[in-house]
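Right, one structure below, let's go through it.
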Amino acid sequence: MKLFLKRNSTLVAMFLLIILATIFTDGLFVSPRNLTNLARQVSINGILAVGMTYVILISGIDLSVGSVVALSSIAVGISQISWGWSQYHLLGMLLSTILGIGVGALCGVFNAYWISKHKMTSFIITLGMMVIARGLALIFSHGEAIAPMSEELQWMGNGYLSPTLSLYLIGVVLVVFMIISFRSFFTKSIMIFKPNEKGEATLSSILIMAGILFMAYVFFNYRGLPIPVLLLALVAGGAHFVLTRMTIGRYIYAIGGNPEASRLSGVPIQKVTFFVFVLMGVLSGLCSVILTGRLNGAMPTSGQLFELDAIAAVVIGGTSLMGGIGTVTGSLIGAFMIGILNNSMSLLNVPTFYQMVIKGLIIILAVFVDSKNRD
Amino acid sequence: MFTEKNEVILKLQDISKSFGRVCVLSSISLEAFCGEIVALVGENGAGKSTLMKILSGVWPAGSYEGEFFTHSKLCVFVNPSQAENAGISIIHQELNLIPELSIAENIFLTKLPQKTWQVDFEKLYEKTQSLLNKFNLKLSPKTLVKYLSIGHKQIVEIMKALAVNAQILILDEPTSALTQKEIVFLYKILRQLRKEGVLCFYISHKLEEIFELCDRLYVLRDGKLVYHSAIPETSPTQVISAMVGRPLQRLYPHRTSSQGAKILEICDLTARDKKGKSILNHMSLSLHKGEILGIAGLMGAGRSEFILTLFGASDFNITGEVKIDNRVIKIHSPREAIEVGLALVTEDRKLSGIIPDRTVSENMTLSSLRQLSRKKIIKHDQEESLVQKFIGQFKIKTHTTQTRMRTLSGGNQQKVLLARSLLTKPKVLLLDEPTRGVDVGAKAEIYELIHQLSREGVAIIIVSSELPEVLNISDRIAVFNAGELACILSREEASEEKIMFYATESRKPMEKVA
């Protein structure tokens, strides 16, 4: 138990933060309405943090995320307005989404090409891309906002699954999770979290089930499951699976842990690096669609400092900037911690400028505590 | 400063040091005089570097037993700069110069002459120029070090030591990267220093150099001083037998060789680095199923380079032909090498072997994930049972399959890496120093595993700096010398003396020094 607390210090810190936020806001913080909003606010940074986890695990960095979100967002806006895709309702929304993700992916391919093929430092390449993408966004939009979007596209940012449907969906997830944990408890071969440490694994499983039940309660009692949150769950779940269960996940850890050893062991470093940076682009594209939908418009100046929020979430979540150590779940917790801070300080009417200072200090504190708790 | 020629400048008394239970130096006592060049020889791991690290303060006082004196003054060094202040400087094999700074700045780095708030460059260049003149070097003090040849860099290192009034100079393999001409120049400078009363410790594998340059010689073996003589009174044969003549323990399993068909054939393999310097020169050899080929040679003879080139892991320009199972193959990357049936266990476990923060299981299966997965999804059950099988079979001491690799001992890490390469089911296994930094017990187990593999028909190439290891484990021994294959000895005809002879024999006629 003690070990569990020590290993999951960020999780403990998050719970402390939740308790503090609840006390200071007289319980306003934990109302289903506020928690739903919190989840919606976190989803974009959460998705980016998942992609950034992969990037940082191979000891890279992607500074272009915010600009790529803006550029993709402009592409979505142009397709909706100038090309008139907003008239095609659902089909138009789908096409715009594909276009947004495609533009993000292209930016990712550009980054990935230089970094994997020519072994350039990711810091430099993505710094360049950051400026390029922002410039392109300004060029294509003539420096102006593009609005409004079709209702379907707004749904991507502001929509909800109906409460009943949400309840069924979460129920299915819960049942599947229980079956897997149950099996792993007896065979111990299917490892969900920390294998060979049954007590800890059981505790994790129980905590997660409690979390899922809590989510069901929250979303059912407000307006249902927000679409961005659904997307975040899909992305994070998929990324977690890839990282823990698939060969490429192993390769990602290996490359970050010891690139030379990986090369000599036959790990396809170029391919993996390429994949990781393209994935970051794809996720940036996805976030641009959510952002455009939520704002009901595309702005060339949007997405600023998104990359830094994502990096902060990843680092708070215990991922080493040197690569090779870290998890998707950690980064999710990190993203939620930043979200909780923003949300509760807004509820308490802390002025924005002060919020920034406090946020910065807490990021440093979180990482400091985590580094002390490492073995 | 005036120093009497025959004054004892350095005296060691009962110096001992051990790492954990392994004793690397046991009661070393010696005396050295002003104005002589003393050679220190011994096999890799005999304790030469450890001894020199103690003298130069790298291992601080308290980490070893015994004491040593300079000018009859007890030396208690906590760090290398204290040793430097006491007049002991070491010049490492890898030079410690800052390439982007000038010669003058490098020499006086820690004691730049000052005037008010700034560096007094005039004085700096003046002082440097006088040093350069002293050694007859036609270089400007302002030249950046990165433009110097390795030989000149070495001289700059020596001048750097002299700038802090070094009276005892330790040179660790100073000629390993030098050309013949540069070596001659280095000798000239060392002789000049000898005249001025400086004591030089000269660590080298190259006996020829020692017999040409040094006055006396000490031989270290297994941490003990086993032989000492003035140069004119000894011969290379005597020195070699002192270096290697150890009683052999039953470390090595009994060998029953059984060879099959030819599996690997290398024809005229030549490798040059990007600058065109020859690394491997027209190498040809072949290997049969179940055969163990040892590769012996000195540091820098091209042994590791040969293995890396074969494995597609070097960036040399390569010509020549490699055949596996009579099929000509071209290997551009380690991944391709593994596909055609090669496997490698690297020389430097930490740098290029283990992934320290991942589990034993992940480390072991890294090269063979494709066989252990379906549609890229890892079959955990199968992986787990396979890893457990190897842990049992190789007697790997680890808590569970999920223990982090960094917590294992060197020998056990090595066994995991051996398992990693075996999981790819290789036809030819390349082992580069497979028992470096491994304790004796694990060594014997690794030898047993190697033999077992050869019985199963795997052809093995093993590079080792430890001659007894090469002699006892191999069927044939290839001796490398300066990037060339000096000879191939059969198990019966090979001996330590013969190997040493071929490994140290000069490939190019040595220039006579006046």
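Just so it is clear: chains get the letters A, B, ... in the order the sequence lines come, proteins before strands, and each one is counted from 1. Predicted model only: the values in this text are computed from it and were never measured.
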So what's closer than 4.5 Å to chain B heavy atoms on A/Pro259: side chain, backbone, both or neither? neither

Is the ring pair B/Phe480/B/Phe306 parallel, tilted or perpendicular, if the boundaries are 30 and 60 degrees? perpendicular

In terms of heavy-atom proximity below 4.5 Å to chain A, should B/Ile377 be classed as side chain, backbone, both, or neither? both

Is B/Lys274 salt-bridged to B/Asp315, going by a charged N under 4.0 Å from an acidic O? no

So does A/Ile58 get a backbone contact from the side chain of A/Tyr253, meaning a donor-acceptor N/O pair under 3.5 Å? no

Candidates B/Thr400, B/Thr365, B/Thr401 - the one meeting side chain to side chain donor-acceptor pair (under 3.5 Å) with B/Glu384: B/Thr401

If you count the non-hydrogen atoms of other residues, nucleotides and ligands that lie under 6.0 Å from CZ in A/Phe241, is the total more than 12? yes

Ranking B/Leu417, B/Ile355, B/Asn363 by heavy-atom pairs under 4.5 Å to chain A gives rank one to B/Ile355

For B/Leu351, is it the side chain, the backbone, both, or neither that has a heavy atom closer than 4.5 Å to a heavy atom of chain A? backbone

Relative to each other, are the rings of A/His118 and A/Trp114 parallel, tilted or perpendicular (30° and 60° limits)? tilted

Engaged part of B/Lys379 at the chain A interface, taking heavy atoms whose separation is under 4.5 Å: neither

Crowded around A/Met209 CE? As in, over 12 foreign heavy atoms under 6.0 Å? yes

In terms of heavy-atom pairs under 4.5 Å with chain A, which of B/His399, B/Arg358, B/Lys350 leads? B/Arg358

Specify which of B/Ser373, B/Ser367, B/Ser352 makes the most heavy-atom pairs with chain A at under 4.5 Å. B/Ser352

Against chain A, residues from residues 328-340 of chain B with at least one heavy atom under 4.5 Å, in numeric order, are B/Pro334, B/Arg335, B/Ile338

Side chain, backbone, both or neither of B/Ile354 within contact of chain A (heavy atoms, under 4.5 Å): backbone

Close side-chain approach of A/Ile248 to A/Val272, heavy-atom, < 4.5 Å: yes

Tell me if a side-chain donor or acceptor on A/Arg250 pairs with a main-chain N or O of B/Leu366 at a distance below 3.5 Å. no

Rounded to the nearest 0.5 Å, what separates atom CD in B/Glu305 from atom CG in B/Leu310? 13.0 Å

